[in-house]
Amino acid sequence: MKLSDREQDGVVILEPKGKIMGGPDASLLHDKLYEYIEHDKKQVIVDLSQVDWMNSTGLGILISGYTTLKNSGGELKLANVTDKIQSLLTITKLVTVFDAYDSIEDAIQSFR
Amino acid sequence: MQKPIINGNRITIPSDQEYLADVDSFLDGQLRELTVGESIRADIAISVSELVNNAILHGNKSSPEKVVTVEISSEPGQVTIAVSDQGTGFTEEQIDDPVADENLLKEVGRGIFIVRALMDDVDISASERGTTISISKSF
Ligand SMILES: Nc1ncnc2c1ncn2[C@@H]1O[C@H](COP(=O)(O)OP(=O)(O)O)[C@@H](O)[C@H]1O
Ligand SMILES: [Mg+2]
């Protein structure tokens, strides 16, 4: 997995690419997410358009970020969820947890 | 053991998540050779990554003396993958239901649940000398 990150209109956008399977790739996503949280950036979008697949390790990181942000008055949202990940969210009932948007623009708008 | 060893349809790795990617590319190569389609390849890759993570972390407890073995076999239209560790075994009865309301926000505990959902067949054989989990999928 590769990870890029940026800020747009005050919102953090994390863009992982590839597969999130555990170990070094998962740490990368976790650490970047918590780096922003520590710097008090509390509106985060994870853009999943380039993620081939993830497993429960990836889901665990998303949940961890979601909970941490929520408890500190922020929010983690998903954008561009692919079919593969959508079915994983459905299987695990996490669709009922995460707010997901069809584009980065829509996700940013939702913070307004 | 310092590095992954590939022997025919089998890959053996040290108990370190650093080698997950080696297993994944080995698996992907084998599944492509069997002409397994992209979507099912991903479902199998997700499942094997769950089992290898478990074998490394829960089974072998990341012990440098222990290895994880992944073996692929096939018959027409079906592939079976067996993931083995050298831990002390386990029983599935102790696992909480990850989709129960009170567990939904837990960060762990949904690996085997996902494997069961994605695969056609899951067979767990555990003893005090280790665990082998075999998964099968039609393609
Ligand atoms: N190979 C294994 N050896 C020993 N215990 C295992 C093994 N695989 C799974 N387990 C047990 O089953 C539990 C559930 O596994 P899983 O569903 O993958 O969730 P997680 O790995 O997030 O805890 C683990 O916490 C562990 O106690
Ligand atoms: Mg697991």
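Residue numbering restarts at 1 for every chain, and letters A, B, ... go by the order of the sequence lines.
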J.: Is the count of non-hydrogen atoms from other residues, nucleotides or ligands lying under 6.0 Å from B/D101 atom CG greater than 12?
T.: no
J.: Look up atom CH2 in A/W53 and atom OG in B/S39, then write down how far apart they are to the nearest 0.5 Å.
T.: 13.5 Å
J.: Need one label for B/V108: side chain, backbone, both or neither, based on atoms under 4.5 Å from any heavy atom in chain A.
T.: neither
J.: Minimum heavy-atom separation for A/T92 and B/L104, please, with both atom names.
T.: O-CD1, 3.6 Å
J.: Looking at B/Q2, I want to see if its CD is surrounded by more than 12 non-hydrogen atoms of other residues, nucleotides or ligands under 6.0 Å.
T.: no
J.: Considering non-hydrogen atoms only, spot the tightest contact between A/L59 and B/R110 and give its length.
T.: CD1-CD, 4.0 Å
J.: Quick check for you: among B/L20, B/L57, B/V52, which has the greatest number of heavy-atom pairs under 4.5 Å with chain A?
T.: B/L20
J.: Is there a path of hydrophobic side-chain contacts, each under 4.5 Å between heavy atoms of I/L/V/M/F/W/Y residues, joining B/L51 to B/V67?
T.: no
J.: Does any heavy atom of chain A fall under 4.5 Å from the side chain of B/D16, the backbone, both, or neither of them?
T.: neither
J.: Among A/G60, A/S56, A/P24, who wins on heavy-atom pairs under 4.5 Å with chain B?
T.: A/S56
J.: Closer than 3.5 angstrom, by distance alone: can the side chain of B/E50 be matched with the main-chain N or O of A/N55 as a donor-acceptor pair?
T.: no
J.: Measure distances from A/M54 to the heavy atoms of chain B and classify the residue's part below 4.5 Å as side chain, backbone, both or neither.
T.: backbone
J.: For chain B, find which of A/I63, A/D83, A/I20 contributes the most heavy-atom pairs closer than 4.5 angstrom.
T.: A/I63
J.: Test side chain to side chain contact (heavy atoms under 4.5 Å, CB included) on A/I61 and B/E107; report intermediate values, then the result.
T.: CA-CA 7 Å; A/I61 294 168; B/E107 289 164 31; over 6 Å; no
J.: Do you know which of B/V115, B/L118, B/V99, B/I56 has the most heavy-atom pairs under 4.5 Å to chain A?
T.: B/V99
J.: Can you name the closest pair of heavy atoms from A/I91 and B/A117 and give their distance?
T.: CG2-CB, 3.6 Å
J.: Count I, L, V, M, F, W, Y as connected when their side-chain heavy atoms are under 4.5 Å apart, and connections chain through other members. Are A/Y101 and A/L88 then in the same cluster?
T.: no
J.: Counting only heavy atoms not in A/K41 (residues, nucleotides, ligands), do more than 12 fall under 6.0 Å from its NZ?
T.: no
J.: I need the residue from B/A45, B/P98, B/G109, B/S47 with the largest number of non-hydrogen atom pairs under 4.5 Å to chain A.
T.: B/A45
J.: Look up atom OG1 in A/T57 and atom CD1 in B/I46, then write down how far apart they are to the nearest 0.5 Å.
T.: 11.5 Å
J.: Can A/V46 be reached from A/I104 by stepping across I, L, V, M, F, W or Y side chains whose heavy atoms are under 4.5 Å apart?
T.: no
J.: Just how far is it from atom NZ of A/K19 to atom CG of B/D28, taken to the nearest 0.5 Å?
T.: 5.0 Å
J.: Taking atom NZ of A/K93 as the centre, does the number of heavy atoms from other residues, nucleotides or ligands within less than 6.0 Å exceed 12?
T.: no
J.: Report yes or no: do B/V83 and B/M119 belong to one cluster of Ile/Leu/Val/Met/Phe/Trp/Tyr joined by side chain heavy-atom distances under 4.5 Å?
T.: yes
J.: Find out if a path of hydrophobic residues (ILVMFWY) with successive side-chain heavy-atom gaps under 4.5 Å connects A/F98 to A/I45.
T.: no
J.: Working to the nearest 0.5 angstrom, can you tell me the gap between B/E38 CD and A/D52 CG?
T.: 8.0 Å
J.: Considering only heavy atoms, which portion of A/T96 lies under 4.5 Å from any heavy atom of chain B: side chain, backbone, both, or neither?
T.: side chain
J.: Taking the side chain as every heavy atom from C-beta outward, state whether B/L105 and A/K70 have any atom pair closer than 4.5 Å.
T.: no
